[in-house]
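Below: the structure, in structure tokens.
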Amino acid sequence: MNMDNVFEDNDFQSLRSFAVDYAGMSGAPGLFVVVDRFTGETPEKVWVIHTQEQVVVEDNGFILKADSGATMRGTFVVPGEVKIDVEETQRGRKILASGGENFFVVMTVQNGIAPEVEISGSGLDAEVRVEERMILFGEDRVIFGK
């Protein structure tokens, strides 16, 4: 999705690529991947997700914990050294991630322990493996493989 019209008075290009996998190859019932790529002169960027669940901040991501016992684990592939803050809102919380020019986030939804996210390489060219599922970002899209 081209996001250039989302930002006013910009001198940069922006793209969001979003992919969902329910095949189970990742070891989780739901696998979600979001890549936000920016090119050109860009201001500081903050990636935001809203939630009503409890939030636990990890070194390179977060875990959302529902009362039902389900969890969503988000792992930032990019930026490599992400800074995560959590703010209370009138309707719950929002997670704010910063620290880089682009964002590549892998999220798994499950009951029980989240599968490990293995990252080889860095930046948007990184190869990510979640159990049997390979995840890449190429040109303008998220690519799933084995």
Side-chain angles (χ1 to χ4, degrees), residues 1-8 12-38 42-146:
M1 170 174 58
N2 180 313
M3 297 190 319
D4 291 346
N5 293 331
V6 173
F7 303 98
E8 295 180 17
F12 59 91
Q13 293 76 48
S14 55
L15 172 93
R16 169 164 283 174
S17 183
F18 180 75
V20 179
D21 179 18
Y22 296 115
M25 292 177 63
S26 66
L31 171 68
F32 305 89
V33 180
V34 177
V35 175
D36 290 336
R37 182 186 68 197
F38 300 87
T42 60
E44 180 181 5
K45 289 168 280 320
V46 178
W47 188 89
V48 179
I49 186 170
H50 294 266
T51 184
Q52 293 182 348
E53 311 307 339
Q54 295 301 312
V55 179
V56 176
V57 175
E58 296 186 318
D59 286 341
N60 65 333
F62 57 88
I63 297 176
L64 304 182
K65 294 184 175 184
D67 291 339
S68 67
T71 61
M72 182 172 85
R73 180 180 185 203
T75 303
F76 283 85
V77 177
V78 174
E81 294 190 24
V82 66
K83 179 181 183 281
I84 298 176
D85 293 307
V86 179
E87 292 182 2
E88 295 293 324
T89 69
Q90 291 180 349
R91 296 184 179 166
R93 287 151 209 86
K94 64 180 175 180
I95 298 169
L96 302 113
S98 60
E101 295 299 312
N102 299 297
F103 297 93
F104 184 162
V105 189
V106 175
M107 296 172 278
T108 59
V109 176
Q110 59 277 311
N111 284 311
I113 298 172
E116 290 299 315
V117 176
E118 300 173 18
I119 303 168
S120 298
S122 62
L124 295 179
D125 295 327
E127 293 183 1
V128 181
R129 181 165 294 281
V130 184
E131 292 204 5
E132 294 181 31
R133 176 59 76 203
M134 176 67 75
I135 306 162
L136 305 167
F137 178 73
E139 293 184 30
D140 62 353
R141 66 195 60 167
V142 174
I143 302 164
F144 288 136
K146 289 185 177 186

Asn102 side-chain N/O to Phe38 backbone N/O, donor-acceptor pair under 3.5 Å = yes
Would the number of heavy atoms belonging to other residues, nucleotides or ligands and lying under 6.0 Å from OH of Tyr22 be above 12?
-> no
Salt bridge (charged side-chain N to carboxylate O under 4.0 Å, His left out) partners for Asp125, two or more places apart | none
Under the 3.5 angstrom rule, does the side chain of Arg37 hit a backbone N or O of Glu139 as a donor-acceptor pair?
-> yes
Hey, is the main chain of Thr71 close enough, under 3.5 Å, to the side chain of Gln110 for a donor-acceptor pair?
-> yes
Taking atom CG of Leu15 and atom CG of Asp140, what is their separation to the nearest 0.5 Å?
-> 6.0 Å
Separation between CD1 (Ile84) and CG (Leu96), nearest 0.5 Å, reads 10.0 Å
Atom pair CG (Leu64) and CD1 (Ile95), whose distance is rounded to the nearest 0.5 Å | 4.5 Å
Closest non-hydrogen contact found for Glu132 with Arg129 is O-NH1, 3.4 Å
Parallel, tilted or perpendicular: which fits the ring planes of Trp47 and Phe76, with parallel below 30° and perpendicular above 60°?
-> perpendicular
Between Glu101 and Lys45, does at least one N-O distance fall below 4.0 Å, as a salt bridge requires?
-> yes
Pairwise distance CE(Met107) to OG1(Thr75) - rounded to 0.5 angstrom | 9.5 Å
Using the salt bridge (Lys or Arg N to Asp or Glu O under 4.0 Å) rule, collect all pairs that involve residues 56-66, keeping only residues at least two apart or in two chains.
-> Glu58-Arg73
Test applied, side-chain contact (heavy atoms from CB on, under 4.5 Å); reference residue, Leu31; option that passes from Val109, Val20, Asp21 | Asp21
Salt bridge (Lys or Arg N to Asp or Glu O under 4.0 Å): which pairs involve residues 83-92, sequence neighbours left out?
-> Lys83-Asp85, Glu87-Lys94, Glu88-Arg93
